[in-house]
Amino acid sequence: MTDAAAPEPVTPDAAGASAVPRRSRSFSGRVLYTLLGRWGARVAAVWIGLVALLAVAAPLLANSHPIAFFDGDVWTSPMLRHLTPTDVLLLVVSLAALVLWPLHMLSAKARRRIWLGLIVVTALAVYVFPGVHPPEAVVFSQYREALAENPDARAVHTLIPFSPTDRLRDLPDRRLAEPDATHRLGTTQFGEDMASRMIHACRIALAIGFIATGIAVVIGVVVGGLMGYFSGVVDLIGMRLVEIFAAIPVIFILIMIVAFYGRNLYLIMVVIGLFGWVGYAEFTRAEFLKLRRLDFVQAAIALGVPLRSVLFRHMLPNGLTPVVVTASFGIAGAILTESTLSFLGLGLVEEPSWGQLLNQARDMGGGFYWWLAWPPGLAIFLTVFAYNLIGEALRDAIDPRTQKQKASPA
Amino acid sequence: MTPPNDPNPSTGSGDTTLTGAPAFTFEHADAAPHDAASANATKPRRPRHPILRVEHLRVSFPSPNGGRRVQAADGVSLTVFPQQTLAVVGESGSGKSVSALSCLQLIPTPPGKYDGGNILWKWDPGSESKTSKPDAERSEAPDRPPSASAKSASASGGPHYVNLRNFREKDMRAVRGNQIAMIFQEPMTSLNPVYTVGDQIREAIMLHRKVNTSAATDIAAQALKDVGIADPLSRLKSYPHQASGGMRQRFMIAMALACEPRLLLADEPTTALDVTIQAQILELLRHLQHEQGMAVMLITHDLGVVAENADVVAVMFAGRVVECADVHTLFTHPLHPYTRGLLASMPVLGKHQGRLPNVMDGATIPEDLPPGYTVQPHDPTLNPVGGYGGPNAKLHEVQPHHWLLCEKEGDDANTKGAVPELAFYR
Amino acid sequence: MLTYTVRRLLLMVPTLLGVLAVVFFTMAMAPGGFSGSQLNAEGAQTQGEEARRIQQYFARRYGYDQPAYVQFGRWLNLVSPVGFKMASEMKNDPARLAEAEQGVAGFPAAAALNERQRRRVADTALDAAYYLGLPPADVLDRLLTEPPEAAAAWFLEELDASEDATWSAKLAAWSVDDPEAARSLMLERVAFEVTGRDRVLLSRPTLKWPSLGDSRRGRPVLDLIAEALPVTLLLNVISFPLIYLVAVPTGLLAASRRGGWFDTGSGVLFIALWSFPVMFAGVLLIGYLANVQFLRWFPTGGLHDLRADRMPFLPTTLPGGTWTRGWLLDTVWHLVLPVVCMMYGGFAVLSKLTRGSVLDNLSQDYARTARAKGVPESDVLWFHVMRNSLLPLITVFVGVLPAMIAGSVIVETIFSLPGMGKLGVEAAFQKDREVIMGTTLIASLLTLVALLLRDLLYAVADPRVSYD
């Protein structure tokens, strides 16, 4: 939007000497600002979508097991055979979502139901019933060796022909290799392909953000809602709880928990959630304190609506707005926390994580391996940045104060 | 409570705002005001020149939903004579406050934007002793002769006018608070919460007077005493939140009047106060106006307040002045449909009226306009808030001292309407 | 104000107890609990008999074999300034020390020692029996039945096998001179161990000095914290004012140029900086600015150079003509990169906040009033708006504090600074209960005091807030 795009009913004489507004320079700045804000959020969403895509399709993109392999006798697909139950579930669910999304003849509700049903069925089929059983002993080098020994052998590889845990035992001189044609992003100290690990690490980054924040939001909303609704003694006790959890540095308690309970991704998610609910509780409490005095809540109470219904049907939807904004920042924080833990060497050992990769850039000797620093560091930064940008855009969209400033003060 | 049919509502001015009954006890133009008549006998009662002359002021803001810019002031013309009280009446969003803020250039730009018009201020040679004359006037651009400098150029003994629209920020500051002061609607938020009342009043004084802190404190204490605050010295040390709403408005008035301005812009000074305090504050303003001899532009939507205080009334609607007359004429003989609707929607004390008409229902086209003048009915398509008359509608003096927004035969779109001048005192 | 402060201080007690309980029981509930650690004195994993012995030793020393709530109660009793005197504290009891000292003085071998040495010897003897942590009956049996020389030799062997080399060496030197004296002191100490261990000595709680116990390595936790805390505080004390000095003007500038390119650009930059992971920044800074491969402008870690304690305080040119940067400059030099890492995140948060707050206040009614008085726009900004905008910044001042402490964990680990963060992380790795609890106590106490300070500051800065 520019001045020209918003024509005004300016009469000729009014457009004369005195019509030139003062300080009009910042108007273009303001337009630029809104545009940037909007585009920022859009680019951020695209980046997170890309990370999600990489996370789902990781085994199809980076795998030591070829898509198709001919050992001289028969064609097999080692890649499909080595898919884990989680891989299968993720792929099925994402494919189903992609297929169902454009089916507009079904109502949104029906599509959602089909999708959820599919998740349950697939999960049962994959984990419980007939199950998916990838071979337990994995020899990554067998294909490379077979190809070298048998001139008849043929293989169709994935885009990156290395699994994240393939330590290239048959190629010991490939450790800590700088980026080249084979290893686009270089290799780690154990000889693992950096690009492959980067792609597979997307999963942890995504999962930790959503699950940890989900736990924190649920606890925070329930505790905050109860505090705000009942106030009095409940509030006093609740505030002490909030103070207690606010006074404990999360990163420190996480380090302690990993040291005492061992390395477990799920535990880390739960703990980030358990120790991160304070902000949500405070927001919900403030919101519920306000809402409680409003007429529609009083009316619901007066009508004899049960407490559960008052809290969750009448008040919660009205009090969730600040929580939604904070949750976006919460996801960013959770990703950052997990990376920090992995960086400190308290993350997972075998499974790749961006923080752990970043740690390797400086961990050994006195050297600095730039190719181990930039990709994971940038990945963490961009993902956190993306979530924060979305949070900012959300806040701007929701905050009545920014709305007011755009409108005329008259 | 004033009993029904009380012949003299001025004794219970608080009640007039409740009932809004315009009961007129004052005489017409030439008569001296009903009070303090003898005290002001020597005052020049009929000044020939206004101290403030707003000509066709246009201010716009971006629309909240991104459409066309909203014309908050759409060619506002007003004049204020020395020691006069001009009441500007209109509903919320009719452009009253924007016009007043524009006089001090206090519209934030952006988002606001001045699209045209002049704000002419009578330059008082006496005020040059207070502050040096701004450079803006001397360096006035040669491409701006029309009305602003034209007046000063024809200086055949007439007063000297400066166009405040051409003032730079620095020059404007010498006018603000010093020559033109302003008080606002919300006394609760209009004072800085973290500084004492004394700090804030002293700041106003020391900005415009070359005095030291202790002298400024004396002036501030005197100002507080003038607005009827007991124990001013200890009040100076208090914070705004420690005072009641009425008290804070008194602080605001004391702060505004500390530099003895010639014009006070009072932007709904009593709206946020309760009724008894309203009466006190208005009484105080009247008293100080007589004492200091300043003019007041009183912005309000309370017709009771208007009837009590105003000499001249300008009715605003949709960013335009639709009618301007002395207070007596306006209440007894309104011409514009909007003014008629406004007055018809007012309850009359002691009269059982049933359901009051709303403003637009009561808006009737007057039949007794002089020949050649027509007033168009309300047209909601004209402006986001609707308006009267087409682009040709202008202010015309349809009767002596009675200005009306209407169309005149033979008028075309290129001429601007006249600026109403009403040197009327009650 | 005073009543409010006292009330808040009292409310701090349950909160602090809550924090400590959460941390303590999280540790105690872990599979294996505290005794799960099988690291020996060198921090290496142990197995089999050695592991069992180490576990048994720690269990006895810290009472890990007792239920978690008893352990927590005993720990609370230890840190509380009002509490019961425990038998295990008697080793620090001045009266008993004096008694042991007299005992030492009575031996011919002690004749050559001065008073300070005698005190050390007595102290050492008391400590020795306590820390040895051998089954008391076993020790008693040997000391009572075997000849002094054999008993002493056996004891010295045990000491050699045990942890702390310094005092076992001292005791060894001393007991070889006079095995009989060693034996009698040991007897006294062991008898005390047998009868007095972990019992409440007085039935009524008394005032005492709070103690944080001893770390697994034997040093008092208070000493460890007294060494680590100044490092963390130094980092924060340098970073905080710098952050405010840079961030507040930047935020103000962005607000006063609202909508301009500076505002727009800085808005995105603030979010970007805020999102930038500290460890990435640290790795890049060390990698490019401190590494041999690239620029070697800064040290890779640590707080001082190895030779720092032999440097003069200020930069000087030594008599030989060589220039030395001195202790002060050396410290500053070491702190540049960590402070940068600590700063930029807080800077981003604070600038963003300042900008929002100033913009908010610029559109307030009182700012309009000030303009209507004829106050110059710069004075409106600096005098009227600034003071009001600072109020939310006070809240953040404290809101950032726990984050800064957490930030210190990462920064201290990356740059190997011996601060509270590093102490805590290492303690967690070693499952050192006393150190973990000690660091938690100090960290949460700092946070709570900062919270209180925030509210008091708020009352000072905002005349509308009053706690009376």
Side-chain angles (χ1 to χ4, degrees), chain A residues 25-33 36-37 40 240-241 243-253 255-262 332 336 339-340 343-344 346 355 358-359 361-362 366-370 373-374 376-378 380-389 392 401 404-405 409, chain C residues 11 14-16 18-19 22-23 26-27 30-33 36 257-261 263-264 267-268 271-272 274-280 282-284 286-288 291-294 300 359-360 363 402-403 405-406 409-410 413-414 421 424-425 428-431 436 439-440 443-444 447-448 451:
Chain A
R25 57 176 163 77
S26 39
F27 183 64
S28 55
R30 204 154 49 85
V31 171
L32 187 72
Y33 185 76
L36 245 182
R240 292 286 85 70
L241 259 185
E243 238 175 48
I244 288 171
F245 279 88
I248 303 175
V250 177
I251 189 77
F252 182 62
I253 200 99
I255 292 166
M256 207 192 74
I257 281 175
V258 171
F260 274 78
Y261 290 80
L336 212 51
S339 318
T340 309
F343 178 79
L344 292 175
L346 290 164
L358 183 58
N359 185 26
R362 55 117 217 183
F368 168 61
Y369 309 103
W370 57 269
W374 281 101
L378 276 182
I380 299 168
F381 164 60
L382 286 178
T383 312
V384 172
F385 189 28
Y387 276 114
N388 282 337
L389 272 181
E392 280 292 315
R401 274 185 310 180
K404 194 185 78 189
Q405 281 164 2
Chain C
L11 269 178
T15 311
L16 203 57
V19 170
V22 167
V23 173
T26 312
M27 291 191 294
R257 302 248 198 291
R258 184 169 191 210
W261 66 267
D263 182 26
T264 315
V268 176
I271 307 179
W274 173 34
S275 312
F276 206 83
V278 179
M279 56 266 186
F280 187 31
V283 165
L284 289 185
I286 294 184
Y288 286 107
N291 204 284
V292 208
Q293 283 167 275
F294 295 96
T300 50
L359 278 183
D360 229 33
S363 59
I405 293 174
V409 172
I410 306 165
T413 311
I414 298 175
V425 171
F429 275 123
Q430 292 164 6
K431 302 198 182 180
I436 292 176
T439 21
T440 309
S444 46
T447 312
L448 289 177
L451 279 172

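Chain naming here is simple, since letters A, B, ... match the order of the sequence lines and numbering starts at 1 in each.
No side-chain heavy atom of A/Val384 sits less than 4.5 Å from a side-chain heavy atom of C/Trp274. Residues C/Leu11 and A/Arg240 form a side-chain contact, since some pair of their non-hydrogen atoms from C-beta on lies under 4.5 Å apart.
Summarising the geometry of A/Phe252 relative to C/Val425, their closest heavy-atom pair is CE1-N, 4.3 Å, with the distance given to 0.1 Å. Residue C/Thr447 comes nearest to A/Ala246 through the heavy atom pair CG2-O, 4.5 Å, listed as atom of the first residue, atom of the second, then distance. For the residue pair C/Met279 and A/Ser339, the shortest heavy atom distance occurs at CE-CB, 3.3 Å.
The side chain to side chain donor-acceptor pair (under 3.5 Å) check on A/Trp370 picks up nothing, with sequence neighbours excluded. Residues passing the side chain to side chain donor-acceptor pair (under 3.5 Å) test with C/Ser275 are A/Asn388, sequence neighbours excluded.
If you measure heavy-atom distances from A/Leu241 to chain C, you find no contacts under 4.5 Å at all. Looking at A/Leu344, both its backbone and its side chain come within 4.5 Å of chain C, counting heavy atoms on both sides. For A/Phe385, the parts sitting under 4.5 Å from any heavy atom of chain C are the backbone and the side chain alike. For chain C, no part of A/Ala332 is nearby; none of its heavy atoms comes within less than 4.5 Å. C/Val19 touches chain A through backbone and side chain together, each having a heavy atom under 4.5 Å away. Using a 4.5 Å cut-off between heavy atoms, A/Leu336 touches chain C through backbone and side chain atoms alike.
Here A/Ile253 contributes atom CD1 and C/Thr26 contributes atom OG1; the two are 5.0 Å apart, rounded to the nearest 0.5 Å. Atoms CD1 and CZ, on C/Ile414 and A/Phe343 in that order, are 4.0 Å from each other to the nearest 0.5 Å.
With chain A as partner, the option from C/Leu284, C/Thr439, C/Ile286 having the largest number of non-hydrogen pairs under 4.5 angstrom is C/Leu284. Per-residue counts of heavy-atom pairs under 4.5 Å with chain A were compared for C/Pro277, C/Gly282, C/Gly18; the largest is that of C/Pro277. Between chain A and the options C/Leu16, C/Thr440, C/Ile436, the largest number of non-hydrogen pairs under 4.5 Å is found for C/Ile436.
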Practice prompt. Please assess C/Phe280 against A/Leu358 for the test side chain to side chain contact (heavy atoms under 4.5 Å, CB included), listing each intermediate value before the final yes or no.
Written response: CA-CA 7 Å; C/Phe280 187 31; A/Leu358 183 58; 3.8 Å; yes
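By the 30° and 60° cut-offs, the orientation of the rings of C/Tyr288 relative to A/Trp374 is tilted.
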